[in-house]
Amino acid sequence: MPGDEASPQSPRSPRSPRPPRPPAHTPTDLPAPPVPRPPSDPLPVLDRAERFIWLTARVLEQRRFAFHFLDGDADPVDTALGSYLNPDGGYGHALDPDLRGPLSQPLHTAHALRVLDGLGRCAGQRIERLCRHLTGVSTRDGALPVVFPTPHDYPAAPYHPMHDDPPGELLTTGPVVGLLHRNRVWHAWLFRATDFCWDRVENLHRTHPYEVQSAVAFLDGVPDRARAAAAADRLGRLVREQRLVVLDPRRRAEYPPAPGYAPGEQLFPHDFARRPESPARGWFTDEEMRRSLDFLAAAQQADGGWPVRREAWAPGSSLERRPIATLEALLTLRAYGRLPARVSRPGPVPPR
């Protein structure tokens, strides 16, 4: 997803003593130069990302990284996610960093389902309770708003304005419905919510990149695959016609961000087709996808993390967003064969 740039390295304090000069080497005792790694070697990418995760990430993202890339167990991820669960069956407590405060919100629900889907645990009584919660908070058309009005003035990103009577939105309903269908969840709430998503997806005319992402998330899981393929084909033509995707990262200036987006907040083919089996993969040629993945791989910063290009509105949100963006980048690169499946190690190693 799309930004906060990496913080520059802190300068040395003027009171800090100068480090001692290392002893001079003679030509005979110079160490051998390190053997350079080939550019295709993925280990430097994961090593730098791992250090970044241990230095900056919340416990949830640390455990997700360990599960996906260090042969870790799913239970610690599940335990960390449980700390965001509310008694009403929804999720809160800034699980999605854009919404602060303890209350359950649809954006948190979508985030939790993505985590559970990655673990293969999107089922059971927890999901039943979540669907009951969604039934009670849905709009009149059976959908989910982006943000519920709250009795307290909890901070939220300015690009998620609050309304007294918010409408249902594909932006939040699409990913939730798609992930529940993808995991073969059946609940009465899904009937009207699925109809809402079909109506929005099949009647999109003017849209924006994040809404398209949500449409893809819905189409990725909905059971009617023939209808999904037809809707995806139409949506892909619309994305290219409206220039909602940067097809060549070398020509980014030719693709201005959508109205209301931050400068540089642009989406690329890999942002829509996060996996090769995505219904959005057919929107792009092999060359366009290769350029996009090359650009994604090269975006890793010196500290090992990936940047976030959306508006930076609060320090905590910006800090918490980068490890999430880093995990998303790594998972996308691995899905396309750019990283190994897993790396077995004795256990997490804290940064030096």
Side-chain angles (χ1 to χ4, degrees), residues 1 49-50 52-137 144 146-148 154 156-157 172-185 187 189 214 217 220-221 274 305 308 316-317 319-332 334-335 342 347-348:
M1 67 186 305
E50 180 181 359
F52 173 78
I53 291 293
W54 299 134
L55 282 171
T56 66
R58 304 181 296 189
V59 172
L60 176 60
E61 281 72 55
Q62 291 178 16
R63 291 181 169 179
R64 288 184 67 199
F65 181 88
F67 171 76
H68 287 293
F69 296 100
L70 300 179
D71 207 23
D73 192 74
D75 287 343
V77 187
D78 215 334
T79 300
L81 181 64
S83 65
Y84 296 90
L85 184 63
N86 280 325
D88 61 7
Y91 289 83
H93 308 280
L95 176 57
D96 184 302
D98 278 349
L99 300 179
R100 318 307 290 183
L103 301 182
S104 299
Q105 291 282 3
L107 285 174
H108 302 321
T109 294
H111 194 114
L113 288 174
R114 285 195 296 272
V115 174
L116 292 171
D117 178 64
L119 300 180
R121 294 187 172 185
C122 197
Q125 293 184 356
R126 167 175 44 197
I127 300 301
E128 177 69 26
R129 291 182 62 236
L130 177 61
C131 288
R132 288 201 301 268
H133 164 71
L134 297 177
T135 302
V137 299
L144 299 173
V146 175
V147 184
F148 295 131
Y154 294 116
T172 42
T173 313
V176 171
V177 172
L179 282 165
L180 291 175
H181 278 308
R182 172 180 163 87
N183 288 275
R184 296 183 172 86
V185 173
H187 190 275
W189 176 79
S214 296
D220 182 53
R274 294 189 179 277
V308 178
S317 176
L319 289 172
E320 292 170 0
R321 179 66 67 185
R322 281 196 68 207
I324 296 172
T326 297
L327 275 169
E328 290 175 349
L330 292 171
L331 289 170
T332 297
R334 188 177 68 180
R342 284 180 184 249

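In this structure, NE2 in His93 is found 8.5 Å from CG in Leu85, a value given to the nearest 0.5 Å. Remark: Leu95 CG to Ile324 CD1 distance equals 7.5 Å, nearest 0.5 Å. Atom OG1 of residue Thr326 and atom CZ of residue Phe65 lie 9.5 Å apart, to the nearest 0.5 angstrom. Distance CZ/Arg121 to CG/Leu116: 9.0 Å, rounded to 0.5 Å. Between the CD atom of Glu320 and the OG1 atom of Thr56 there is a distance of 10.5 Å, given to the nearest 0.5 Å. The line from CG of Asp220 to CG of Asp117 is 8.5 Å long, rounded to the nearest 0.5 Å.
Between the side chain of Gln105 and the backbone N or O of Gly92, no donor-acceptor pair lies under 3.5 Å. Distance alone, capped at 3.5 Å, places no donor-acceptor pair between the Arg64 side chain and the Leu119 backbone. No donor-acceptor distance shorter than 3.5 angstrom exists from the side chain of Arg182 to the backbone of Ala217, with no hydrogens or angles considered. Judged purely by atom type and a 3.5 angstrom limit, Arg100 uses its side chain to pair as donor or acceptor with the backbone of Pro97.
Contact of the Arg321 side chain with the Asp96 side chain is registered, since non-hydrogen atoms from C-beta on lie closer than 4.5 Å. By the 4.5 Å heavy-atom criterion applied to side chains, His187 and Ile127 are not counted as neighbours. Annotation: side chain of Tyr84 is not in contact with side chain of His111 (no heavy-atom distance under 4.5 Å). Between Leu330 and His68, every side-chain heavy-atom pair lies at or beyond the 4.5 Å cut-off. Side-chain atoms of Ile53 and Glu50, non-hydrogen and from C-beta on, never get closer than 4.5 Å to each other.
Considering every non-hydrogen atom in both Gly118 and Phe67, the closest pair reads O-CE2, 3.5 Å. Here the closest non-hydrogen pair linking Leu60 and Val77 is CD1-O, 3.9 Å. Minimum heavy-atom separation, His181 to Gly221: CB-O, 3.1 Å. When all heavy atoms of Cys122 and Val185 are compared, the pair lying nearest together is O-CG2, 3.7 Å. Smallest separation of non-hydrogen atoms from Asn86 and Ser104: ND2-OG, 2.9 Å. Nearest heavy-atom pair across Gly90 and His133 is CA-CD2, 3.7 Å.
Screening Val137, Leu99, Leu144 against Pro106 for a side chain to side chain contact (heavy atoms under 4.5 Å, CB included) leaves a single residue, Leu144.
No salt bridge links Arg322 with Glu61; every basic N to acidic carboxylate O contact stays at or beyond 4.0 Å. Between Asp75 and Arg63 there is no salt bridge, since no side-chain N of the basic residue sits under 4.0 Å from a carboxylate O of the acidic one.
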Evaluation steps, side-chain contact (heavy atoms from CB on, under 4.5 Å), between Leu180 and Cys131: CA-CA 9 Å; Leu180 291 175; Cys131 288; 4.1 Å; yes
Working for side-chain contact (heavy atoms from CB on, under 4.5 Å), residues Leu331 and Glu328: CA-CA 5 Å; Leu331 289 170; Glu328 290 175 349; 5.9 Å; no
Check against side-chain contact (heavy atoms from CB on, under 4.5 Å), Thr172 and Ser214: CA-CA 7 Å; Thr172 42; Ser214 296; over 6 Å; no
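Taking Thr109 as the reference, Leu113, Leu130, Leu134, Val176 meet the side chain to side chain contact (heavy atoms under 4.5 Å, CB included) condition, with sequence neighbours excluded.
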